[in-house]
Amino acid sequence: MRLPFLFTVIILVLSLFARAEAPNLAPDPKGVPGAAARLVLAQQTYESALRTGDPVVLITAIRLARDVTLRPPAAWTRTTEGPPVPDQPDGRSGAPNPAGPEAIAIAQGLAGDDPDLQDLVYDLDAQLPHGRRATAIDAAATLDGGQADDWRLVLAGQTEAELGLIGDGDSALSLTVADDSGNVVCAVPAGVASALCRFTPARNGFFTVRVKNSGTIRNSYRLVGN
């Protein structure tokens with residue numbers, strides 16, 4: 001008489017255990033890319049414009065970046081793994097900023113004597129933002145070679161999440177996102193290009209975002225999120 005009840009209890013416990021260990025990940029996002037994705041795209045477009053010297057591409061990057069309002073993280077906590085390296089070479093102080101005044105100066109230089117391009121740059125610099133702009137979380141940090149940062153944060157279930165990594169380009173950075181059970185829900189291998197993780201948690205929960213410096217030069221990076 002007790003065996004069916006015992007089997008039921010065992011099945012229930014196993015199902016609960018399997019649910020707890022399952023990755024906190026819903027199906028792939030289908031929505032429109034948000035503010036963090038826009039910042040990563042702006043950075044990639046900006047770097048492409050600098051390589052090619054194309055003023056139109058540069059203006060596009062500036063517009064993308066200036067269309068996002070940045071705010072500091074309110075509930076992200078950061079811990080660093082690995083000892084600091086006092087004599088490690090310093091790289092750049094940070095990634096080039098497409099929304100900064102330096103980008104406008106470069107655009108003016110690339111526009112040269114072309115009046116139409118000069119007008120585009122002038123309008124871009126003088127234009128005030130209109131309407132409601134997208135908002136992104138922006139956290140800046142520095143990693144020595146071999147170090148890794150773990151950012152712990154809460155994400156809402158059934159709400160699309162975006163986490164972007166923008167390094168200064170001096171060393172290769174990797175980006176990994178894991179849920180509270182240690183399941184990896186997104187991973188981007190080490191590289192110097194900007195990276196983006198875009199996914200939807202199945203339920204509310206804590207996540208750990210790991211940024212690792214695989215190089216031997218100090219790297220100043222930005223971690224952006226929606």
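Residue indices begin at 1 and follow the sequence shown. What you are looking at is a predicted structure, and each value in this text was computed from that prediction instead of being measured.
When hydrophobic clusters are built by joining Ile, Leu, Val, Met, Phe, Trp and Tyr residues whose side-chain heavy atoms come closer than 4.5 Å, directly or via intermediates, Leu70 is not grouped with Ile62. Residues Ile106 and Val121 fall within the same hydrophobic cluster, defined by Ile, Leu, Val, Met, Phe, Trp and Tyr side chains chained together at heavy-atom separations under 4.5 Å. Transitive grouping of hydrophobic side chains (ILVMFWY, heavy atoms separated by less than 4.5 Å) brings Val185 and Leu175 into a common cluster. Both Leu110 and Leu50 are members of a single hydrophobic cluster when ILVMFWY side chains are connected at heavy-atom separations under 4.5 Å.
Scanning all heavy atoms of the two residues, the minimum distance from Ala65 to Leu39 falls at O-CD2, 4.2 Å. When all heavy atoms of Thr159 and Thr200 are compared, the closest pair comes out as N-CG2, 3.8 Å. Between Val192 and Ser171, the closest heavy-atom pair is CG1-O, 3.8 Å. Contact record, Ala136 with Ala35: CB-CB, 3.8 Å, taken as the closest heavy-atom pair. Of all heavy-atom pairs between Gly100 and Arg66, the closest is O-NH2, 4.1 Å. The two atoms that bring Gly225 and Leu163 nearest to each other are CA-CD2, 4.2 Å, heavy atoms only.
With hydrogens and angles ignored, the 3.5 Å screen pairs no side-chain donor or acceptor of Glu81 with any backbone N or O of Ala148. Without hydrogens or angle criteria, Glu162 side chain to Gly34 main chain gives a donor-acceptor distance under 3.5 Å. The closest donor-acceptor contact from the side chain of Gln147 to the backbone of Asp144 lies under 3.5 Å. In this structure, the side chain of Asp54 does not engage the main chain of Ala49 through any donor-acceptor pair within 3.5 Å. Gln118 contributes no side-chain N or O that, together with a main-chain N or O of Asp113, makes up a donor-acceptor pair within less than 3.5 Å. A side-chain donor-acceptor contact under 3.5 Å links Asp168 to the backbone of Ser220. The closest donor-acceptor contact from the side chain of Glu160 to the backbone of Arg198 lies at 3.5 Å or more, if one exists at all. At least one donor-acceptor pair closer than 3.5 Å links the side chain of Asp114 to the backbone N or O of Leu117. In terms of modelled atom types and a separation under 3.5 Å, the side chain of Gln43 and the main chain of Pro96 share a donor-acceptor contact.
Side-chain contact between Pro201 and Leu25 is absent, with no heavy atoms from C-beta onward closer than 4.5 Å. Two residues are said to be in side-chain contact when any heavy atoms from C-beta on lie closer than 4.5 Å; Tyr46 and Leu58 meet this criterion. You'll find the side chain of Trp151 reaches within 4.5 Å of the side chain of Leu223, heavy atoms only. Between Leu153 and Leu155, some side-chain heavy-atom pair lies under the 4.5 Å cut-off. Using a 4.5 Å heavy-atom cutoff, the side chains of Thr45 and Leu64 are in contact. Arg63 is listed as a side-chain neighbour of Leu120, based on a closest heavy-atom distance under 4.5 Å. Ser181 has its side chain out of reach of Asn24: every pair of non-hydrogen atoms, C-beta onward, lies at least 4.5 Å apart. You'll find the side chain of Arg51 reaches within 4.5 Å of the side chain of Ser48, heavy atoms only.
Residues satisfying the salt bridge (charged side-chain N to carboxylate O under 4.0 Å, His left out) test with Arg152, not counting sequence neighbours, are Asp180. With sequence neighbours left out, Asp179 forms a salt bridge (charged side-chain N to carboxylate O under 4.0 Å, His left out) with no residue at all.
Under the side chain to side chain contact (heavy atoms under 4.5 Å, CB included) test applied with Leu165, the options Val224, Val188, Leu173 reduce to a single match, Leu173. Remark: of the listed residues Thr176, Thr80, Thr208, Val209, Thr208 is the sole one forming a side chain to side chain contact (heavy atoms under 4.5 Å, CB included) with Asp150.
Considering CZ of Arg71 and CG of Asp138, their distance stands at 11.0 Å, rounded to 0.5 Å. Rounding to the nearest 0.5 Å places CD of Gln44 at 8.0 Å from CG of Leu196.
A salt bridge is absent between Asp170 and Arg218: the closest approach of a Lys/Arg side-chain nitrogen to an acidic carboxylate oxygen does not fall below 4.0 angstrom. Salt bridge Asp149/Arg210: absent, no basic N to carboxylate O contact under 4.0 Å.
Classified by interplanar angle (parallel below 30°, tilted 30° to 60°, perpendicular above 60°), the ring pair Phe207/Phe199 is tilted.
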Q. Are Ile59 and Val56 close enough, and set up right, to give a side-chain contact (heavy atoms from CB on, under 4.5 Å), and what steps lead you there?
A. CA-CA 5 Å; Ile59 290 171; Val56 176; 5.7 Å; no
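Looking only at atom types and distance, the side chain of Asn213 has no donor-acceptor partner in the side chain of Asn219 under 3.5 Å away.
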